[in-house]
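The structure displayed is predicted, hence computed values, not measured ones. In what follows, chains carry the letters A, B, and so on, assigned in the order in which the sequence lines appear, proteins first and then strands, with residues in each chain numbered from 1.
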Amino acid sequence: MSAPPAEDLVRQWESEQACLRQQVVEEDTEDWQRSPDFSGLERVGGVDLSFIKGDDINACAQLVVLSYPDLEVLYEDSQMVTLTAPYIAGFLAFRETPFLLEALQRLQENQPTLLPQVVFVDGNGLFHYREFGLACHLGVLSGLPCVGVAKNLLQVQGVYKSEEHQSQIAALQRGGDGFPLTAASGKVLGKNVEKLLEMFLSVCRRLRSSDRSSKPVYVSVGHKISLDTAVRLTHSCCRYRVPEPIRLADCLSREYLRVHFPAADTGIKE
DNA sequence: GCGACAG
DNA sequence: ATCTTGTCGC
């Protein structure tokens, strides 16, 4: 029988990524992005999905919009969704994007004035095997500027957790410090490798107190924003390690699951 | 066979 | 993503 659906699926997804990849805008397109203090920027968004433990089908899709620069919640939307696509490394977007887009569309319909001017995405943007991670995918399909922030290093060709990489991390001192992650040239990347895949690793810091070290996060361009601006904006949205829009989206979606699906596993007695 | 594998 | 409380450190 038609045994491996995965193989055909992956091929189809790869070509879809290649197609959409051409639509990514890797530069600043908004006025506020050029401003030293981002004047003109009033709303930053964050999206995330949280799952019920032991269930990788049902999840809570979360969108949150915060004011800038105060980072206070202006809008939040939690919605239970049923995922159909499997998680395959390099194809996260096919699993999550549809539901994140739906959330943005609900906002567009109900309170268009609250649409975020930029969206932080939990995952990579151009820092991806084919330069088209979740943040690019959501950016292109929504048309909104997007920033990818990953908590773990994806080992894209040429970028590995080498000793040198580790020492570079150790050398980071203050919040906002970073260094570029440059991929080796290769067939997948083709041209302009040095420019296309120049990622920065940055450390976030606590808002006021002295900088405290922590695991770095990996920032990359999603859509309609330059890497420079993406890193600078990410840093300015950090109170903790992960930028507030993403952190709150994560907290709110988890809280939603706690409230609506109390102890779905443990047999809680009466 | 071994390691890697965003979320 | 999720499995997991307290604990050590600044």
J.: Take the angle between the ring planes of A:Phe91 and A:Phe94 and call it parallel below 30°, perpendicular above 60°, tilted in between.
T.: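 Plane angle between 30° and 60°, so tilted.
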J.: Would you indicate, yes or no, if B:dA6 has its OP1 or OP2 atom less than 4.0 angstrom from a side-chain nitrogen or oxygen of A:Lys151?
T.: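 Negative; the distance criterion is not met.
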J.: Counting side-chain heavy atoms from CB outward, which of B:dC5, C:dT2, B:dA6 is closest to A:Lys53?
T.: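 Output: C:dT2.
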J.: If we take the C1' atom in both B:dG3 and C:dT4, what is their distance in whole Å?
T.: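 Rounded to whole Å, the distance is 26 Å.
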J.: Would you say A:Asn152 places a side-chain N or O within less than 4.0 Å of OP1 or OP2 belonging to B:dC5?
T.: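 It does not, given that no N or O in the side chain of A:Asn152 lies less than 4.0 Å from OP1 or OP2 of B:dC5.
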J.: Give a yes/no verdict on base stacking between B:dG7 and A:Tyr87: centres under 5.5 Å, planes within less than 30° of parallel.
T.: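 A stacking contact exists, since A:Tyr87 sits close and nearly parallel to the base ring of B:dG7.
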J.: For A:His128 and B:dA4, give me the distance from atom NE2 to atom P, rounded to whole Å.
T.: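 Value for this atom pair: 19 Å.
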J.: What distance, rounded to whole Å, do you find between the two P atoms, one in C:dG6 and one in B:dG1?
T.: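 These two P atoms come out 43 Å apart once rounded.
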J.: Within this structure, what is the NE2-to-P distance between A:His137 and B:dG7, rounded to whole angstrom?
T.: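 For the pair A:His137 NE2 and B:dG7 P, the rounded distance is 17 Å.
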J.: Contact between A:Val10 and A:Glu7 at the side-chain level, heavy atoms closer than 4.5 Å - yes or no?
T.: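 No. Closest side-chain heavy atoms not under 4.5 Å.
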J.: How would you label the contact of A:Phe91 with the nucleic acid (heavy atoms, under 4.0 Å): base, sugar-phosphate, or nothing?
T.: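 Base contact.
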J.: Is A:Arg254 near enough to C:dT2 that one of its side-chain N or O atoms lies under 4.0 angstrom from OP1 or OP2?
T.: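 Yes, within the criterion.
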J.: Could you state the atom-to-atom distance from CG of A:Leu154 to P of B:dA6 in whole Å?
T.: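 That distance rounds to 6 Å.
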J.: Taking C-beta and beyond as the side chain, do A:Val64 and A:Leu252 meet within less than 4.5 Å on heavy atoms?
T.: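 A side-chain contact under 4.5 Å exists here.
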J.: Under 4.0 Å between any heavy atoms, over every strand shown, what does A:Gly90 touch: base, sugar-phosphate, or nothing? Just pick one.
T.: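 Base contact.
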J.: Between C:dA1, B:dG7, B:dA6, spot the one nearest the side chain of A:Asp48, thanks.
T.: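 Of all the options, the side chain of A:Asp48 is nearest to B:dG7.
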J.: Whole angstroms only, please: what is the CG-C1' distance between A:Asp56 and C:dT2?
T.: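 Going from A:Asp56 (CG) to C:dT2 (C1'), I get 10 Å.
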J.: Quick one: does A:Leu248's side chain get under 4.5 Å of A:Leu71's, heavy atoms only?
T.: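 No, their side chains stay 4.5 Å or more apart.
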J.: Rounded off to whole Å, could you give me the CG-to-P distance for the A:Leu92 and B:dA4 pair?
T.: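 My rounded result for the distance is 20 Å.
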